[in-house]
Amino acid sequence: MKIIKKDLSEISTHKYGRMDYKYWNTCEAVKFKSYFLLKDMFELINGSVQTSNYVTEKTSIPYIRIGDIDYKYGLSTEESIYLDADIDISDEKLLKKYDLVLATIGATVGKIGLADKAVGGIHSNNTVVLRPKDKTINIRYYEKLFQTDFYINYIFGLVAQKAQPNLQPYEIENIRIPIIDEAVQQKCMEEVQNIELKIEALKKKIKSKKTIMDEVFIKEFHLDYKTMMEIDKMKIFNRELSEITVRNSNVRNSCRWNKAVQIQNCLCKSTECVKLGKYIITTKNGWSPSCSEYGEYQVLGLNAINSNGTLSFDNPKFSSEKKSNLPEFFIKNGDFFVSRGNTVDLVSMASVASVETDTPSTIYPDLMIRIKFSKDVDVHYMAYIFNSFIGRLYFKYSTKGKNQTMVKVSPYELSEFLVPLPDIEKQKEIVKKINKEVETQQTLRKEMNQYRAQIDKLVTKSFSCKIAKSCKYKK
């Protein structure tokens, strides 16, 4: 048990009268000789929900979500969703080159990045923009300041733990920022810039795991990737009525469904494919009990499924709710899962469970499906197929939903999925090729992270040792 003693008069100074140990312990641990509050230097711009304006093509309006921000490497638009270019957005809401975008909800709250790569875009309701009141400040220094381990831990200590971590505007506004001489900031960033040049050089060599999967499958099966990408960009299809009924028992006539069919047809012209349904033995949706901070067993969230193909057990919830068939939902080693519902880019993403213990202690939620395949399928190979462009393009257009923020896949779409399926030994060989290249990339990433740690060290030293006597932002 941890105890911290506070007078009621001190607790009452907090807008919401917070009484949790984590918050007050954080406030006591963060001490600077001189500092100003974040609200003295930045104004907060709330994000917005734009799900009805999602488009599949790239436009001039990137929509920045939590997933577009990394704790240490800031903001990237490489995997961003884009919005309809004709929507009306006020100038205040448009991202500026000097804005900082901060994640405020979820397990990765506190991630922050400079918006210089997303100018003209807007940010989601799960983020807030910190817009400097003085545009001449060294904004890159403050980005790196907030990305230090010190500030990541500081900000997470301010988070209110409800159903999921949540950072309130009041807490953001009152974050303490040490007063640093501008000359110290400048010198620090000059050293940082030299290190960043090395990081950028390494980034050019590094491939994502999805890129590696795509390249291996294209080479192995001689796939016509270029034509499939051209179909992906098409908006109009001229189809005969007799063509619409092919592989279409529900007579779906949308452009999206026909795009999925055309992409799969292109795949089959390059290599022999089979319907996945022939090799599916069973499918079973998960169960989502009521959850709390503590419980008898763990419950995974939908974010446990990821593009790497390995199920993540980080940040679970807990429950003690009983169910007669509860054992049916426990996760076992080698189980194959796909997301049943998600955005068009993430639905049917697949991951395989790696569980060391013989005693199951974690269940999977309602929005995940467990698929059991016949012995002719290697689950790791199939996860890579699902997460490569082969699966992403098919499920992007075959799934159903009123908007692109929550579409769902059914056993029918899973069964109709056409996949290249060589013999089991060839599948394992392909998995080894992908994993070998991933290991090479991990060596490069390790080197890049070592350089990034040097940046953290430089910035932390600058605000730990060089405190200015005065600052124009301090009230």
Side-chain angles (χ1 to χ4, degrees), residues 38 41-48 50 58 60-83 92-133 135 137-156 158-159 165-167 169 171-173 175 177 185 188-189 192-193 195-200 202-204 206 208 303 345 445 448-449 451-456 458-460 463:
L38 186 142
M41 187 176 188
F42 296 92
E43 62 174 316
L44 272 57
I45 310 293
N46 291 325
S48 58
Q50 294 289 337
K58 187 175 182 178
S60 59
I61 309 177
Y63 185 53
I64 304 304
R65 300 171 298 164
I66 289 177
D68 297 317
I69 311 170
D70 184 89
Y71 273 117
K72 296 297 182 182
Y73 296 101
L75 190 153
S76 170
T77 58
E78 287 183 10
E79 297 184 11
S80 293
I81 283 177
Y82 286 81
L83 304 182
E92 180 194 41
K93 292 291 185 180
L94 293 175
L95 293 173
K96 320 297 183 190
K97 65 180 181 181
Y98 40 73
D99 286 343
L100 293 173
V101 185
L102 173 68
T104 58
I105 295 178
T108 55
V109 64
K111 295 190 298 184
I112 194 166
L114 188 61
D116 57 338
K117 296 184 181 70
V119 173
I122 57 176
H123 59 296
S124 75
N125 59 309
N126 291 336
T127 65
V128 67
V129 155
L130 309 183
R131 182 163 292 165
K133 296 179 179 180
K135 308 304 185 290
I137 67 167
N138 194 332
I139 192 63
R140 287 194 176 276
Y141 175 83
Y142 287 101
E143 178 195 34
K144 296 296 183 287
L145 178 88
F146 290 128
Q147 289 173 351
T148 59
D149 290 343
F150 177 90
Y151 264 90
I152 290 171
N153 292 326
Y154 174 18
I155 290 173
F156 203 81
L158 303 177
V159 167
N166 187 291
L167 188 61
E171 312 295 5
I172 300 172
E173 291 174 343
I175 290 173
I177 302 176
Q185 295 180 34
C188 177
M189 292 313 294
V192 166
Q193 187 174 18
I195 299 173
E196 285 188 321
L197 290 174
K198 297 175 182 178
I199 291 175
E200 288 303 315
L202 285 170
K203 278 185 178 180
K204 292 177 181 178
I206 293 175
S208 68
N303 59 358
D345 296 306
R445 289 182 187 278
M448 187 171 73
N449 290 338
Y451 282 128
R452 186 60 184 80
Q454 291 178 25
I455 292 177
D456 259 22
L458 282 170
V459 178
T460 303
F463 71 77

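Note that these values count all heavy atoms, side chains included, but never hydrogens, waters or copies made by symmetry.
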Item to complete: Kindly indicate, with the supporting measurements, whether the criterion side chain to side chain contact (heavy atoms under 4.5 Å, CB included) is fulfilled by I152 and Y71.
Response: CA-CA 8 Å; I152 290 171; Y71 273 117; 3.8 Å; yes
Fill in: Side-chain heavy-atom pair D68, S76 within 4.5 angstrom cut-off
no
Worksheet item: Do F42 and D99 have side-chain heavy atoms sitting under 4.5 Å apart?
Response: no
Worksheet entry | Verdict with supporting geometry, K96 and V119, side chain to side chain contact (heavy atoms under 4.5 Å, CB included) | CA-CA 5 Å; K96 320 297 183 190; V119 173; 6.0 Å; no
Practice prompt. Can you see which heavy atom on E143 is nearest to which on L114, and at what distance?
Written response: OE2-N, 3.0 Å
Practice prompt. List the atom of M189, the atom of Y141, and the distance in Å for their closest heavy-atom pair.
Written response: SD-CA, 3.6 Å
Worksheet entry | Considering all heavy atoms, the nearest I177-Y151 contact | CA-OH, 3.4 Å
Practice prompt. Output the distance between atom CG (N449) and atom CZ (R445), rounded to the nearest 0.5 Å.
Written response: 8.5 Å
Fill in: Validation row: I64, L75 side chains within 4.5 angstrom (heavy atoms)
yes
Worksheet, complete the sentence: Value for NZ (K58) from OG (S80), rounded to nearest 0.5 Å, stands at 9.0 Å
Worksheet entry | Rounded distance (nearest 0.5 Å) linking atom CD1 of I206 with atom CD1 of I199 | 10.0 Å
Worksheet item: Do the non-hydrogen side-chain atoms of V101 and L130 ever get within less than 4.5 Å of each other?
Response: no
Fill in: Atom pair CG/CD1 of L94 and I122 - distance to nearest 0.5 Å
7.5 Å
Worksheet entry | K93 side-chain N/O to N46 backbone N/O, donor-acceptor pair under 3.5 Å | yes
Worksheet item: Does E196 pair with K144 as a salt bridge, N-O distance under 4.0 Å?
Response: yes
Item to complete: Please test K72 against D149 for salt bridge (charged side-chain N to carboxylate O under 4.0 Å, His left out), starting from the C-alpha separation and ending with a verdict.
Response: CA-CA 9 Å; K72 296 297 182 182; D149 290 343; 2.7 Å; yes
Worksheet item: So, for I61 and G120, which heavy atoms are closest and what is the spacing to 0.1 Å?
Response: CG2-O, 4.0 Å
Worksheet item: Given R140 and D116, is the salt bridge (charged side-chain N to carboxylate O under 4.0 Å, His left out) satisfied, shown in steps?
Response: CA-CA 10 Å; R140 287 194 176 276; D116 57 338; 2.6 Å; yes
Practice prompt. Determine the minimum heavy-atom distance between I66 and A103, stating which atoms define it.
Written response: CG1-CB, 3.9 Å
Fill in: Note, Y73 side chain near Q147 side chain (heavy atom, < 4.5 Å)
no
Worksheet item: Is K133 close to M41 at the side-chain level, that is, under 4.5 Å between some pair of heavy atoms?
Response: no
Worksheet item: To the nearest 0.5 Å, what is the distance between CG (L95) and CD1 (I45)?
Response: 10.0 Å
Worksheet item: With no hydrogens and no angle check, is any side-chain donor or acceptor of Y98 less than 3.5 Å from a backbone partner on N138?
Response: no
Fill in: Evaluation steps, side-chain hydrogen bond (donor to acceptor under 3.5 Å, both in side chains), between Q185 and Y142
CA-CA 9 Å; Q185 295 180 34; Y142 287 101; 3.3 Å; yes
Item to complete: Kindly give the heavy-atom pair with the smallest separation between P62 and T77, and that separation in Å.
Response: CB-CG2, 4.4 Å
Item to complete: Using modelled atom types only, decide if a donor and an acceptor are shared between the side chain of T127 and the backbone of H123 within a distance under 3.5 Å.
Response: no
Worksheet item: Is a side-chain donor or acceptor of R131 paired with a backbone partner of E92 at a separation under 3.5 angstrom?
Response: yes
Worksheet item: Does any non-hydrogen side-chain atom of V459 lie less than 4.5 Å from one of C188?
Response: yes
Worksheet item: Side chain of Y63, backbone of Q50: donor and acceptor closer than 3.5 Å?
Response: yes
Discussion item. Tell me if a side-chain donor or acceptor on T104 pairs with a main-chain N or O of N126 at a distance below 3.5 Å.
Written reply: yes
Worksheet item: Hey, is the main chain of I69 close enough, under 3.5 Å, to the side chain of K111 for a donor-acceptor pair?
Response: yes
Fill in: Evaluation steps, side chain to side chain contact (heavy atoms under 4.5 Å, CB included), between V109 and N166
CA-CA 7 Å; V109 64; N166 187 291; over 6 Å; no
Item to complete: With the side chain counted from C-beta on, respond yes when F150 and L145 share a heavy-atom pair under 4.5 Å apart, and no when they do not.
Response: no
Discussion item. Does I172 form a side chain to side chain contact (heavy atoms under 4.5 Å, CB included) with L38? I'd like the steps, not just the answer.
Written reply: CA-CA 7 Å; I172 300 172; L38 186 142; 4.0 Å; yes
Discussion item. Nearest 0.5 angstrom please: Y451 OH to I195 CD1, how far?
Written reply: 9.0 Å
Worksheet item: Does CD in Q193 sit with more than 12 non-hydrogen atoms of other residues, nucleotides or ligands closer than 6.0 Å?
Response: no
